[in-house]
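In this chain, numbering begins with 1 at the start of the sequence shown.
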Amino acid sequence: MASIDSYLHLIGIELLVILAILGYLVEADLPKRVVSRLFLTVLGFMLAHLATHALPNQIAGFIYSSQHLYHSAKSPGLHRT
């Protein structure tokens, strides 16, 4: 059985294909702008989702590096000066 993440990938790809075809077929200015903004929004979410899959440890390190408690934790293997 496929995971929900796989289904979301398929839905996102299908949305991009549909919006790309729709953007190609629409000739009026305002609807074309709306379709292109929707396409870029879906593409942005898909790229952000890809980044969270590809770089989870780096993203977590970036988020927690600004936290004081993260820096003040003493681990037995590290010798800080």
Side-chain angles (χ1 to χ4, degrees):
M1 183 175 183
S3 68
I4 191 152
D5 194 46
S6 300
Y7 289 130
L8 289 175
H9 290 173
L10 289 173
I11 291 170
I13 291 169
E14 289 173 356
L15 268 172
L16 287 176
V17 169
I18 290 169
L19 288 171
I21 293 170
L22 198 61
Y24 179 74
L25 295 176
V26 172
E27 294 186 14
D29 188 40
L30 182 63
K32 190 175 217 51
R33 208 172 333 141
V34 170
V35 169
S36 66
R37 284 185 184 170
L38 282 173
F39 180 83
L40 290 175
T41 303
V42 172
L43 183 63
F45 277 113
M46 297 274 300
L47 290 175
H49 183 72
L50 174 70
T52 59
H53 275 295
L55 306 168
N57 291 334
Q58 288 81 1
I59 292 172
F62 174 75
I63 291 171
Y64 289 115
S65 67
S66 64
Q67 301 295 320
H68 175 69
L69 295 175
Y70 180 76
H71 289 294
S72 63
K74 303 287 184 196
S75 61
L78 296 176
H79 302 290
R80 295 183 181 159
T81 57

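- When the side chains of ILVMFWY residues are joined at heavy-atom separations under 4.5 Å, either directly or via intervening members, Leu19 and Leu10 end up in two distinct hydrophobic clusters.
- Counting non-hydrogen atoms of neighbouring residues, nucleotides and ligands closer than 6.0 angstrom, the CD atom of Gln58 exceeds 12 such neighbours.
- When hydrophobic clusters are built by joining Ile, Leu, Val, Met, Phe, Trp and Tyr residues whose side-chain heavy atoms come closer than 4.5 Å, directly or via intermediates, Phe39 is not grouped with Ile18.
- Across all non-hydrogen atoms, the minimal contact from Leu16 to Val42 is CD2-CG1, 3.7 Å.
- Under the 4.5 Å side-chain contact rule for hydrophobic residues, Phe45 and Leu22 do not share a cluster.
- The ring pair (Phe, Tyr, Trp, His ring centres under 6.0 Å) analysis of residues 8-29, with sequence neighbours excluded, yields the pairs His9-His49, His9-His53.
- Within a 6.0 Å radius of CG in Leu25, other residues, nucleotides and ligands contribute more than 12 heavy atoms.
- One hydrophobic cluster, built from ILVMFWY side chains closer than 4.5 Å, holds both Leu15 and Leu47.
- Smallest separation of non-hydrogen atoms from Pro31 and Val26: CB-CG1, 3.7 Å.
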